[in-house]
Amino acid sequence: MEQHEERIELSLPGGDSMEVVAGTTAAEVARRIGPRLAREAVVARYDGRLVDLAQPLLEGGKLELITLDAPEGLDVLRHTTAHVLAQAVLRLYPGTKLAIGPTIEDGFYYDFDLPRPIGPEDLPAIEAEMARIVQEDLPIIREEGGRQEWIERFRAAGQPYKVEILEEIPEATVSLYRQGEFVDLCRGPHLPSTGRLRAFKLLSIAGAYWRGDEKRPMLTRIYGTAFKSKEELEEHLARLEQARKRDHRRLGRELELFAVSEEVGQGLPLWLPKGATIRRVLERYIVDLELQEGYEHVYTPPLARTELYKTSGHWEHYRENMYPPMKVDDEELVLRPMNCPHHIMIYKQKPHSYRELPIRIAELGLMHRYERSGVLTGLSRVRGMTLNDAHIFCTPEQIKEEFLRVVRLIQRVYQDLGFQEYVYTLSRRDPENREKFVDLPEMWEKAERLIREALDEIGVSYREDIGGAAFYGPKLDVDVKSAAGKFETISTVQVDFYLPERFGLEYVGVDNRLHRPVMIHRGVISTMERMTAFLIELYAGAFPVWLAPVQGVFLPIAERHVEYARAWTEEGRRRGLRLEVDMRDEKLNRKIREAELQKVPFMLVVGDREVEEESVAVRRRGQGDAGHLPVRDFLDELEKLARERRLDLHLAAASSPGVAASSGVPAS
RNA sequence: GCUGGCGUAGCUCAGUGGUAGAGCAGUGCACUCGUAAUGCACAGGUCGAGGGUUCGAGUCCCUCCGCCAGCUCCA
């Protein structure tokens, strides 16, 4: 023991501070603060860095003890769980080569190169081994070691992936974590011992390329998650189950919205009548809005001569996503993957004056893209799709104004669709990748600068995505938070100096000379396919009135009430409402149940009383009885909800449900 | 495309070498019904496709197709 111990001052959260001997560990500090913290702390933040509890604190500074209630604590817990997973796998499958095992949102994974393939049925055994490692309560010890030395040791241990990682680390010393017989290269920090693990579960198993490179070996990735308590784990698993119930593929089948048929082809969905209704509503909505905004809607064919795409550059930069050409007579035709060249040809039909600009050409354009079979998913990732597309041809001076108009249009549409959270992403080219992006650096910089200026003007913050641009220019993507909590790209706005050049577009300026217009490519509601998939999941199939394929269903109590229901259904249809009658010879309870399962917004019970007084007994989806209403009033209200694109089912004029429901006899 | 898993009735799923099953949906009949499943009966399948092993294949093997998870890619 040192005679003259150096003392250091640690400042703790809340303004407290503590003086301790240099070299005291964070765990010791926690013990001094209190037994509960000593028990709960998993890691510490020491001058901004996360460190192990066992780390000796040599200098004064800020110290914060972190428990599993903090996101960082949970992250460390999951990281340690990943190590325990790796240890278990090594015990069960000797000869396994370890790759990497990071934490991800809501969990962690670890990639292995296993001596033999394993499947989901092997996960319970691995979990059991993990539980044993937790039982063993192995201390987790950080070690520092020479990089070169550990390269040798991992090589000798038959861990080539670790060797590869080490070879790329610039520092001469590296940190390792040891628990029992297991040691892994890792920055840390980690929990103090394996016994600290709480609730964890292995969720799935899948392939993943080493380093995400399809030319490298395919590894086995095991996904799992961990929480601080069994209850929280159960809650999380329940949330996953809920998400599965929202899956648009499942709801698409249950609600008869769309179908995919092997006979038709991969990624080529069929729109069933109800799904087609949603699509038609969306299409009419966006087309009307665009017409109001000064767009001109056109129709152009989904096929074109290959030459057109050679001119546009698609053939050079986008060919891997295009269906191969077909030869007919003397022409070679391809299915178009984008609509821009067709719209450019429309622009080129006649000379243009600066006075006409901007010209905004819009189309619900059918396109086909060849997507690798593994990526196809229901309606959200398909090979044949209709894009809400438009191309704005404008002068360079008009770019910013036009860009802003598009962003405002997007915001307006999101409000109507009920999108709450979205983020802007400036997708730029990857300057390294000259294959994918046209190699005109000044052009890219100019376009990026213009987008930034416009974004600053509108006052929105944005992320940046290097390499996410279109081949011809940078773009602003708008990613909307999905029902699953992930952000999906819905809208996009792109500034393009390239295609006008390729196609030699021009307009006559004030100076009576020819100038090159600029194009803005923009999609607001994405493809009809993707938007529909997104909305199905967002609303879990329970659409607001304006989008619901069936807005109300009449439920006649007995056969003698069917005629009444039918007559009013027809009246409603004449008014543009989407109503149906459940004419089946079934009991009311049954009809209600099925209308609820079909997520119809309004159920209209009609029996003797309603026929007598020309009313309906209204039942709102998920909310039960909503009282009586004269039929005409109900239809008026329904029209209003649809017209105003209301997201709720509130009926202004409904009588109080209590009164109507309890009486059971016609009001005198 | 790659790795793993899965394809049995419209849907959800049993069925591990010996005569293809259940529930729901569908059809018929009865009931005429008041706020989340009325009862009874009937019908429904070249077990994804093709080949092979076997006396015998939904079941074992091979090839192909599709679907699911993930990787890669992306609207």
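So that the names make sense, note that chain A is the first sequence line, chain B the second, and so on, each numbered from 1. Computed from a predicted model, the values in this text were never measured in an experiment.
- Between A:Arg463 and A:Asp465, none of the side-chain N atoms (NZ, or NE/NH1/NH2) sits under 4.0 Å from a carboxylate O, so this pair counts as no salt bridge.
- For the P atoms, the distance from B:rU46 to B:rC11 is 13 Å, rounded to whole Å.
- Summarising the geometry, the separation between CD on A:Gln494 and C1' on B:rA75 is reported as 10 Å, rounded to the nearest angstrom.
- The side chain of A:Lys475 contributes an N or O atom lying less than 4.0 Å from OP1 or OP2 of B:rA75.
- In this entry the distance linking NE2 of A:His314 with P of B:rA75 reads 11 Å, nearest Å.
- For the pair A:His561 (side chain) and A:Asp608 (backbone), a donor-acceptor distance under 3.5 Å is present.
- Using a 4.0 Å cut-off on heavy atoms, the residues of residues 521-535 of chain A that approach RNA chain B are A:Ser526, A:Thr527, A:Arg530, listed by number.
- Projected onto RNA chain B by closest heavy-atom contact, A:Arg211 and A:Arg560 fall at different nucleotides, the more 5' of which corresponds to A:Arg560.
- Among the atoms of the strands shown, base atoms are found under 4.0 Å from some heavy atom of A:Glu371.
- For B:rC2, neither phosphate oxygen OP1 nor OP2 lies less than 4.0 angstrom from any side-chain nitrogen or oxygen of A:Arg216.
- At whole-Å resolution of the value, CE in A:Met385 and P in B:rC74 are 14 Å apart.
- Taking a 6.0 Å sphere around CD of A:Glu105, one finds it holds 12 or fewer heavy atoms contributed by other residues, nucleotides or ligands.
- B:rC68 atom P lies 14 Å from atom CZ of A:Arg250, rounded to whole Å.
- Atom name P, nucleotides B:rU16 and B:rG48: the rounded distance is 15 Å, in whole Å.
- B:rU19 and B:rA57 have their P atoms separated by 12 Å, with the value rounded to a whole Å.
- Side-chain contact check for A:Glu613 and A:His628: no donor-acceptor pair (N or O, by modelled atom type) lies under 3.5 Å.
- The residues A:Arg372 and A:Glu214 are annotated as salt-bridged, a charged nitrogen and a carboxylate oxygen being separated by less than 4.0 angstrom.
- The CG atom of A:Leu123 sits 15 Å away from the P atom of B:rG4 (whole-angstrom rounding).
- In this structure B:rA49 sits in a base pair with B:rU63, meeting the Watson-Crick or G-U test at under 3.5 Å.
- In this structure, of B:rC73, B:rG1, B:rC33, it is B:rC33 that holds the atom nearest to the side chain of A:Ala558.
- In the model, A:Thr300 has a side-chain atom that pairs as donor or acceptor with a side-chain atom of A:Arg336 under 3.5 Å.
- Side-chain contact check for A:Thr489 and A:Asp477: no donor-acceptor pair (N or O, by modelled atom type) lies under 3.5 Å.
- No contact: A:Tyr109 has no heavy atom under 4.0 Å from any strand.
- Residues A:Arg584 and A:Asp582 are paired through a salt bridge, judged by an N-O separation under 4.0 Å between the basic side chain and the carboxylate.
- Heavy-atom neighbours of A:Lys274 NZ from other residues, nucleotides or ligands within 6.0 Å: above the threshold of 12.
- Checked by distance alone, A:Arg372 brings no side-chain donor or acceptor within 3.5 Å of a matching partner on the base of B:rC71.
- A salt bridge does not link A:Glu283 to A:Arg280: none of the charged nitrogens lies less than 4.0 Å from a carboxylate oxygen.
- Applying the salt bridge (Lys or Arg N to Asp or Glu O under 4.0 Å) test to A:Arg619 and every residue at least two apart in sequence or in another chain returns A:Glu596.
- Distance check on atom C1': B:rG44 versus B:rU8 gives 14 Å, rounded to whole Å.
- For the P atoms, the distance linking B:rG10 with B:rA49 amounts to 13 Å, nearest Å.
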Per-nucleotide protein contact string for nucleotides 34-48 of chain B, where B marks a base within reach and S marks sugar-phosphate only (heavy atoms under 4.0 Å, - for neither): BBBBB----------
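- Atom CG of A:Leu219 is separated from atom C1' of B:rU3 by 10 Å (rounded to the nearest Å).
- B:rC13 and B:rA25: their C1' atoms are spaced 14 Å apart (whole Å).
- Under 3.5 Å, the side chains of A:His343 and A:Glu363 contain a donor-acceptor pair of N or O atoms.
- Checking B:rU54 for Watson-Crick or G-U wobble geometry (two distances, each under 3.5 Å) identifies no partner in any strand.
- Across all strands shown, B:rA37 remains unpaired; no Watson-Crick or G-U wobble contact has both distances below 3.5 Å.
- You'll find that the side chain of A:Arg381 is closest to B:rC74, out of B:rG1, B:rC74, B:rC71.
- In this structure B:rG44 sits in no base pair that meets the Watson-Crick or G-U test at under 3.5 Å.
- Here A:Val382 lies in heavy-atom contact (under 4.0 Å) with a base.
- Under 3.5 Å, the side chains of A:Tyr285 and A:Asp416 contain a donor-acceptor pair of N or O atoms.
- For the pair A:Ile205 CD1 and B:rG70 C1', the computed distance is 11 Å after rounding to whole Å.
- Pairing for B:rG1 goes to B:rC71, judged as Watson-Crick or G-U wobble with the two contacts each under 3.5 Å.
- Distance A:Arg253 CZ to B:rG10 P: 13 Å, rounded to the nearest Å.
- Nucleotide B:rU16 is matched to nothing when pairs are restricted to Watson-Crick or G-U wobble geometry with both distances under 3.5 angstrom.
- Contacts of A:Ile118 with the nucleic acid, taken as non-hydrogen atoms under 4.0 Å apart, involve only primed sugar atoms and P, OP1 or OP2.
- Map A:Ser491 and A:Leu376 each onto its nearest nucleotide of RNA chain B; the residue landing nearer the 5' end is A:Leu376.
- Taking atom P in both B:rU59 and B:rA9, one finds a spacing of 15 Å when rounded to whole Å.
- Look at the P atom in both B:rU27 and B:rG21: the space between them is 24 Å, to the nearest Å.
- Base pairing analysis places B:rG23 opposite B:rC11; the two distances defining the Watson-Crick or G-U wobble pair are each below 3.5 Å.
- For the OP1/OP2 pair of B:rC65 and a distance below 4.0 Å, the side-chain nitrogens and oxygens of A:Gln266 include no atom meeting the criterion.
- Using a 4.0 Å cut-off, some side-chain N or O of A:Ser373 falls inside it from OP1 or OP2 of B:rG1.
- Distance from the side chain of A:Pro120 is smallest to B:rG4 among B:rU12, B:rG4, B:rU72.
- Under 3.5 Å, the side chain of A:Tyr209 and the base of B:rG1 form at least one donor-acceptor pair of N or O atoms.
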